[in-house]
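Here is the structure we will look at, set down as structure tokens.
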Amino acid sequence: MKKLVMLFLLTGLNLIPGNARSQENQEQKTETPQEHSSKRIQVSGGIKLESNYSNFLHSGISDGKSVMKPGVTAGGFLNLGILKHFSIQPELLFHYKESDFDQHDRKGIYRYWGIEVPIYAMYHWDLKKGHHLHAGIGPYTEFGLNATLKRDGKKTDLYEKNAENEMSAMQDSNSGFGIITGYDFPFGLQINISYKISISNLLDAHKGSSILRPQTFSLGLAYCFGK
């Protein structure tokens with residue numbers, strides 16, 4: 001009798017995993033293609049072309065005045081769709097920025113070339129007929145390639161180190177935060193507006209007594225492939 005009971009228990013235990021696997025296979029078979037696709041990361045990417053407007057927020061610089069002027073931004077982005085309405089979007093952007101920087105009634109023109117890497121956490125809203133709205137926020141880091149200030153006919157390289165103290169007028173990198181919002185058309189075209197502000201002090205030689213933080217507004221178009 002004990003042998004029969006043990007045989008019955010062992011047979012039941014062997015059937016449990018089989019039933020579980022059968023039920024799992026049945027659930028996988030009944031899963032729709034849309035449900036299966038939604039579990040994977042959706043990858044898309046594209047190119048951007050924008051007009052930027054930049055200047056500096058500053059303190060400790062006597063009689064300094066920074067005025068925005070237009071520049072150009074171009075680059076690309078990669079969008080990683082984690083959830084239906086949420087994605088991560090890293091970008092690689094190339095900037096030409098220009099602004100006036102006057103001091104003591106002396107006109108100055110600041111010109112800058114550089115590379116920026118922002119990473120946004122994006123949220124997407126579905127509209128009618130394949131249209132979308134998006135908004136994002138995240139950090140960025142910027143690497144300056146060249147920065148000059150022209151005043152009274154003299155151009156100064158702001159990254160050139162002084163031979164005496166081995167310090168430059170400006171540091172060639174900074175970090176901060178940005179926000180972006182825009183509109184997506186169903187055929188891949190986007191309209192974007194963004195704002196970025198640095199949390200770094202760009203000054204090097206006089207960073208102990210003054211603060212200089214860049215800010216940038218951008219407006220432009222993008223085209224997204226892989227939609």
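Under the 4.5 Å side-chain heavy-atom criterion for Ile, Leu, Val, Met, Phe, Trp and Tyr, M122 and L78 are members of distinct hydrophobic clusters. Both L202 and Y159 are part of a single hydrophobic cluster, where members link through side-chain heavy atoms under 4.5 Å apart. Using a 4.5 Å cut-off between side-chain heavy atoms of Ile, Leu, Val, Met, Phe, Trp and Tyr, with links allowed through other members, I193 and Y120 fall into different hydrophobic clusters. No chain of hydrophobic side-chain contacts below 4.5 Å, direct or via other Ile, Leu, Val, Met, Phe, Trp or Tyr residues, connects V72 to W113. Residue I41 is grouped with residue I88 when hydrophobic side chains (ILVMFWY) are merged at heavy-atom distances under 4.5 angstrom, including chains of intermediate members.
Remark: side-chain polar atoms of Y223 are paired, donor with acceptor, to backbone N or O of F187 under 3.5 angstrom. A donor-acceptor distance shorter than 3.5 angstrom exists from the side chain of Q171 to the backbone of N201, with no hydrogens or angles considered. For H132 (side chain) and H124 (main-chain N/O), no donor-acceptor pair under 3.5 Å exists by modelled atom type. No donor-acceptor distance shorter than 3.5 angstrom exists from the side chain of S194 to the backbone of I180, with no hydrogens or angles considered. Of the possible polar contacts, none joining the D184 side chain to the Q190 backbone as a donor-acceptor pair under 3.5 Å is found. Side-chain atoms of S198 come within 3.5 Å of backbone atoms of S175 as a donor-acceptor pair (strictly under, hydrogens ignored).
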Notebook entry, point to check: What's the verdict on side chain to side chain contact (heavy atoms under 4.5 Å, CB included) for Y195 and I197, showing C-alpha distance, side-chain angles and the deciding distance?
Noted result: CA-CA 7 Å; Y195 171 73; I197 183 168; 3.6 Å; yes
Margin query: side chain to side chain contact (heavy atoms under 4.5 Å, CB included) for N55 and V67? Distances and angles first, verdict last.
Written below: CA-CA 6 Å; N55 70 344; V67 180; over 6 Å; no
Next item on the list: Apply side chain to side chain donor-acceptor pair (under 3.5 Å) to Y96 and E98, showing your working.
Entry: CA-CA 7 Å; Y96 169 73; E98 186 173 317; 2.4 Å; yes
Notebook entry, point to check: Step by step, would you call S168 with D204 a side chain to side chain donor-acceptor pair (under 3.5 Å)?
Noted result: CA-CA 6 Å; S168 58; D204 191 13; 3.2 Å; yes
Item checked: Derivation of the side chain to side chain contact (heavy atoms under 4.5 Å, CB included) call for L49 and L221 -> CA-CA 6 Å; L49 181 62; L221 300 176; 5.7 Å; no
Item checked: F101 and H58: CA distance, side-chain angles, deciding distance, ring-ring contact (aromatic ring centres under 6.0 Å, His included) verdict -> CA-CA 11 Å; F101 199 95; H58 59 87; 5.5 Å; yes
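A salt bridge is defined here as a Lys NZ or Arg NE, NH1 or NH2 lying under 4.0 Å from an Asp or Glu carboxylate O, and K161 with E166 fails to meet this definition. With respect to K65 and D102, no salt bridge is recorded, no charged nitrogen being found less than 4.0 Å from a carboxylate O. Classification of K107 and D100 as a salt-bridged pair fails, no side-chain N sitting under 4.0 Å from a carboxylate O.
The one candidate from H95, K196, K97 that meets the side chain to side chain donor-acceptor pair (under 3.5 Å) condition with T216 is K97.
Put simply, CD1 on I137 and CD1 on I179 are 7.0 Å apart, with the number rounded to the nearest 0.5 Å. With rounding to the nearest 0.5 Å, the separation of CG in L149 from CE in M170 is 7.5 Å. Taking CG of L219 as the reference point, atom CG of N192 lies at 9.0 Å (rounded to 0.5 Å).
Within 6.0 Å of the CG atom in D152, the count of heavy atoms belonging to other residues, nucleotides or ligands exceeds 12.
When all heavy atoms of I115 and Y112 are compared, the closest pair comes out as N-OH, 4.2 Å. Residue A121 comes nearest to F86 through the heavy atom pair CB-CE1, 4.0 Å, listed as atom of the first residue, atom of the second, then distance. T148 and D157 get closest at one heavy-atom pair: CG2-CA, 4.5 Å. For the pair L93 and G75, the tightest heavy-atom approach, listed with the atom from each and the gap, is CD2-CA, 4.1 Å. Annotation for F225 and G46: closest pair CD1-CA, 3.7 Å, computed over non-hydrogen atoms.
Aromatic pair Y110/F56: ring centres closer than 6.0 Å. Here the two rings, on Y53 and F217, have centers that are 6.0 Å apart or farther.
Ring planes of W125 and Y123: perpendicular class, angle over 60° (limits at 30 and 60°).
Under the salt bridge (charged side-chain N to carboxylate O under 4.0 Å, His left out) criterion, K48 pairs with E50, E91, not counting sequence neighbours.
Judged by distance alone, the side chains of T73 and N52 do bring a donor and an acceptor atom under 3.5 Å apart. Judged purely by distance below 3.5 Å, without hydrogens or angles, the side chains of N79 and S87 pair a donor atom with an acceptor atom.
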